[in-house]
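Please read the structure below before turning to the comments.
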2 protein chains.
Amino acid sequence: MTDSRAYHHGDLRRALLAAALEAIEEVGPAALSLRDLARRAGVSHAAPAHHFGDKAGLLTALAAQGFDLLARTLTEADDDLLEAGVAYVDFAVTRRAYFEVMFRPELHRADDAELVAARGRAGAALRSGVAALPTGGAPADTDRDALAAWSIAHGFATLWLAGALPDRVGDNPREAARAVLSRLAT
Amino acid sequence: MTDSRAYHHGDLRRALLAAALEAIEEVGPAALSLRDLARRAGVSHAAPAHHFGDKAGLLTALAAQGFDLLARTLTEADDDLLEAGVAYVDFAVTRRAYFEVMFRPELHRADDAELVAARGRAGAALRSGVAALPTGGAPADTDRDALAAWSIAHGFATLWLAGALPDRVGDNPREAARAVLSRLAT
DNA sequence: GGGCAATCTTGCCACTGACAAGTTTCACGA
DNA sequence: TCGTGAAACTTGTCAGTGGCAAGATTGCCC
């Protein structure tokens with residue numbers, strides 16, 4: 001978290017992560033090239049390896065950042081499950097590069113300590129939003145409800161990103177998500 | 001649908017698609033190598049190009065096959081939306097290679113005629129299942145309901161495949177899906 | 001039986017990720 | 001102040017990949 005330009009070529013680690021976000025938005029996470037990132041940052045092709053080990057290492061760092069951001073996003077809307085769901089979809093669409101790396105275990109190291117911690121924070125934010133839901137007297141099955149809420153938000157976001165949804169859904173993800181998610185929130 | 005070994009090396013096109021399914025199960029669609037498929041089929045590295053043009057061409061054919069299979073699967077359970085949802089999740093888990101290619105537009109050519117047709121059939125099967133749902137007197141918003149049903153099933157399937165679900169969900173996807181999907185089917 | 005088109009092979013090029021070994025730059029203590 | 005060791009980065013190399021071009025083989029059809 002140092003913000004000073006240091007060492008030979010500046011804050012390379014940070015520069016590479018930023019370049020990775022850009023590149024992923026352009027070509028997707030699978031087509032990401034470490035050598036391209038090095039070129040964007042103005043360093044040699046082997047420089048990234050020094051900071052991240054390999055490609056999976058870089059994407060693991062990115063995924064951890066992403067879960068951290070998502071956790072913060074969800075916490076802000078925590079008292080309103082519908083809005084939390086909308087925020088989830090909005091996160092997926094506006095921070096697409098993060099989202100795609102986060103949910104592709106073959107791209108990163110899922111057992112990385114920092115990643116696990118960040119993912120845990122995001123999961124906790126999600127579950128606390130569901131637990132705060134009024135149950136209307138009926139006994140709540142928080143596990144099941146959380147899973148259902150997560151599934152519908154995640155599914156809508158994924159389908160949106162995949163371009164799989166029909167045109168009639170429109171081009172405003174927040175609005176479309178709110179309509180669909182409200183079907184669950186009774 | 002010819003089943004006879006024909007031509008120089010047999011039914012290469014079919015053999016390559018089968019090899020691709022295997023390989024994707026093993027290493028994922030992104031790490032798929034055409035040269036590896038050629039090796040598995042016992043042909044030279046350039047043989048696949050003749051049948052599919054390039055990698056995207058092969059995956060497009062695979063995606064079309066997948067949508068066709070999915071359409072048939074959904075049609076079989078068409079009178080029961082919950083069972084159709086369970087079948088959707090089951091398809092994703094048991095025919096994972098198809099599913100992953102189908103919903104990754106960067107891997108295939110989304111405007112391929114055969115793909116578009118097959119995807120249309122799957123979409124129609126989904127919507128007809130929702131339209132057949134009893135509305136309980138209230139005016140149905142089929143579009144929204146179909147989207148919600150699709151989203152929750154797709155989201156659960158995607159999270160399952162990503163290994164993102166907590167352990168307590170268990171290891172039986174059909175059972176777990178039924179519990180979660182029933183939350184929507186009121 | 002002869003031509004022809006579909007099928008497949010060989011050879012090549014640019015690109016990639018990973019590794020090894022060398023070089024530059026900085027930090028820190030004697 | 002200096003020099004020594006570590007961190008940061010470079011250069012060079014290798015095997016593997018996708019895609020293209022050009023050639024060889026095979027089966028089909030008139």
Side-chain angles (χ1 to χ4, degrees), chain A residues 1-24 26-63 101 104-109 112, chain B residues 1-24 26-63 101 104-109 112:
Chain A
M1 291 288 182
T2 60
D3 55 4
S4 65
R5 294 290 176 83
Y7 282 104
H8 309 172
H9 244 99
D11 199 349
L12 185 59
R13 187 188 154 93
R14 187 174 290 276
L16 287 172
L17 287 174
L21 282 177
E22 265 186 45
I24 293 173
E26 293 168 16
V27 300
L32 182 70
S33 152
L34 287 183
R35 288 169 111 100
D36 178 49
L37 298 188
R39 259 174 255 129
R40 291 179 192 234
V43 293
S44 82
H45 68 263
H50 188 262
H51 288 275
F52 298 103
D54 57 6
K55 200 174 181 173
L58 187 144
L59 294 178
T60 300
L62 218 57
V101 173
R104 297 238 188 126
E106 79 273 18
L107 293 178
H108 57 243
R109 273 187 272 278
D112 176 82
Chain B
M1 293 287 180
T2 60
D3 54 4
S4 64
R5 295 291 175 81
Y7 282 104
H8 309 171
H9 245 100
D11 198 349
L12 185 59
R13 187 188 154 95
R14 186 175 290 276
L16 288 171
L17 287 175
L21 283 177
E22 264 187 44
I24 293 173
E26 292 169 15
V27 299
L32 182 70
S33 152
L34 288 182
R35 290 168 110 101
D36 178 49
L37 299 188
R39 259 175 255 128
R40 291 178 192 235
V43 295
S44 82
H45 69 262
H50 188 263
H51 288 275
F52 299 103
D54 57 6
K55 200 173 178 174
L58 187 144
L59 293 179
T60 301
L62 219 57
V101 173
R104 296 239 188 124
E106 79 274 17
L107 293 178
H108 58 243
R109 275 186 273 277
D112 175 83

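Keep in mind the model is a prediction, meaning the values are calculated, not measured. Naming: A, B, ... by sequence-line order, numbering from 1 per chain.
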Polar atom pairs between nucleotides 11-14 of chain D and protein, under 3.5 Å, N or O only, would you list them?
residue : atom : partner : partner atom : Å
D:dG12  : O6   : A:H45   : NE2          : 2.8

Over all atoms of both residues, closest heavy-atom pair of B:S44 and B:A38: O-CB, 3.3 Å
Protein-nucleotide distance (A:D54, atom CG; C:dA18, atom P), rounded to Å: 5 Å
Interatomic distance, B:R14 CZ vs C:dT7 P [rounded to whole Å]: 15 Å
Sugar-phosphate, base or nothing in reach of A:L37, heavy atoms under 4.0 Å: nothing
B:K55 NZ - D:dC20 P separation (whole Å): 14 Å
Rounded distance (Å) that lies between atom C1' of D:dG19 and atom CZ of B:F52: 16 Å
Heavy-atom closest pair, residues B:L58 and B:L32: CD2-CD2, 4.4 Å
Residue pair A:A56 / A:R109: nearest heavy atoms and the distance that separates them: CB-NH1, 3.7 Å
Interatomic distance, B:L58 CG vs D:dG18 P [rounded to whole Å]: 11 Å
Approximate separation, where rounding is to 0.5 Å, of A:K55 NZ and A:L37 CG: 9.0 Å
A:H108 versus A:A63, closest heavy-atom pair with distance: ND1-CB, 3.9 Å
Under-4.0 Å side-chain N/O to phosphate OP1/OP2 contact, A:R39 with C:dT16: yes
Residue-phosphate contact under 4.0 Å: A:H51 side-chain N/O, D:dC9 OP1/OP2: yes
Under-4.0 Å side-chain N/O to phosphate OP1/OP2 contact, B:S33 with D:dG18: yes
Heavy-atom closest pair, residues B:V101 and B:P29: CG2-CB, 4.1 Å
Length of the NE2-P vector between B:H50 and C:dC8, whole Å: 8 Å
Nearest-Å distance for atom pair CG/C1', residues B:L12 and D:dT26: 14 Å
Between C1' of C:dC8 and CG of B:D11, the distance in whole Å: 15 Å
Minimum heavy-atom distance between B:A47 and B:L12, given as atom pair plus value: CB-CD2, 3.9 Å
